[in-house]
Amino acid sequence: NIEGYLVLDKCIYSYDMKQLIYVDSNIRGEFVVPEGIQEISAYAFGNCENIMEVILPSSLLKIENYAFEKCLNLKAIEIPDSTTLIGDYAFSGCNNLENILLSTNLTYLGIGAFQYCESIAEIVVPSSLEIIENYTFSGCINLNTITLLEGLKIIGSGAFRNCDNLVEITIPNGVEKIDNIFFQCD
């Protein structure tokens with residue numbers, strides 16, 4: 001073990017088992033994040049191309065920037081309701097990510113969080129989220145239905161840029177600012 005850290009099954013955790021720091025990129029199939037983990041660190045799953053499913057614990061509070069970037073074969077992710085933060089570019093480039101269930105208590109969804117997740121067809125943004133940051137769903141070329149719930153106030157620039165198959169979006173009355181969200185949509 002590395003001082004201050006715990007190495008289990010080719011993964012690195014904080015010694016108190018509250019933070020998942022690194023996942024071996026050779027892990028295949030399903031990965032279960034242990035209960036008690038509160039944070040997934042930046043780049044923890046970065047380039048884990050062979051992981052298809054990640055089960056997140058009910059103890060999870062935040063997913064840091066780039067945490068799952070380019071997990072090319074990740075198919076689905078369910079963010080537990082304990083999670084309030086998904087960092088910038090957290091799932092960027094997860095080309096095969098089809099199903100996303102966001103936490104109903106999400107208060108921050110980062111810049112480009114799901115950018116270039118080309119297989120997503122539908123997304124429901126929870127009422128707890130006040131701001132959709134810039135480029136959050138940019139390049140989600142198969143995204144066709146977006147449901148935005150009351151509570152949302154701002155939709156950032158390019159949030160749905162290059163969402164070429166977008167057919168339906170519901171924008172709640174409380175939205176105060178929309179900033180060039182459909183740029184380069186065919």
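Below, each value reflects all heavy atoms present in this structure, side chains not excepted, and no hydrogens, waters or symmetry copies.
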Nearest 0.5 Å please: distance from the [atom1] atom of [X] over to the [atom2] atom of [Y].
| X | Y | atom1 | atom2 | value |
| --- | --- | --- | --- | --- |
| I63 | T83 | CD1 | OG1 | 5.5 Å |
| E118 | N95 | CD | CG | 4.5 Å |
| L85 | I79 | CG | CD1 | 11.0 Å |
| I120 | T145 | CD1 | OG1 | 12.5 Å |
| R28 | E49 | CZ | CD | 10.0 Å |
| D164 | N144 | CG | CG | 12.0 Å |

Taking [X] for its side chain and [Y] for its backbone only, find out whether a donor-acceptor pair lies under 3.5 Å.
| X | Y | answer |
| --- | --- | --- |
| N50 | I27 | no |
| D88 | N65 | no |
| T136 | A159 | no |
| T170 | L148 | no |
| N142 | A121 | no |

Counting heavy atoms not belonging to D9, are there more than 12 under 6.0 Å from its CG? no
Residue M52 excluded, over 12 heavy atoms near CE under 6.0 Å: no
So which atom in [X] and which in [Y] form the shortest heavy-atom distance, rounded to 0.1 Å?
| X | Y | result |
| --- | --- | --- |
| G158 | S138 | O-CB, 3.7 Å |
| N96 | S119 | CA-OG, 3.5 Å |
| A44 | L20 | CB-O, 3.9 Å |
| I155 | L152 | CG1-CD2, 3.8 Å |
| L166 | I146 | CD1-CD1, 3.5 Å |
| F68 | C94 | O-SG, 3.2 Å |

Any side-chain heavy-atom pair of [X] and [Y] under 4.5 Å:
| X | Y | result |
| --- | --- | --- |
| L56 | E78 | no |
| V23 | V54 | no |
| S157 | Y135 | yes |
| L74 | F91 | yes |
| Y116 | L97 | no |

Does [X] share a hydrophobic cluster with [Y], counting links as ILVMFWY side-chain heavy atoms below 4.5 Å and allowing steps through other members?
| X | Y | result |
| --- | --- | --- |
| L102 | I171 | yes |
| F137 | L149 | no |
| Y89 | I77 | no |
| Y108 | V124 | no |
| F114 | L72 | no |

Under the side-chain contact (heavy atoms from CB on, under 4.5 Å) test, which residues partner P57, sequence neighbours left out? V33, E35, I37, S59, L60
Are the aromatic rings of F45 and F31 close, with centres under 6.0 Å apart? yes
Could you tell me whether the side chains of N105 and S103 share a donor-acceptor contact shorter than 3.5 Å? no
Tell me which one of E69, E64, K70 satisfies side-chain contact (heavy atoms from CB on, under 4.5 Å) with Y43. E69
Candidate list I111, I178, V125, test side-chain contact (heavy atoms from CB on, under 4.5 Å), partner I132, passing option: V125
Please assess C71 against I51 for the test side chain to side chain contact (heavy atoms under 4.5 Å, CB included), listing each intermediate value before the final yes or no. CA-CA 7 Å; C71 287; I51 288 181; 5.6 Å; no
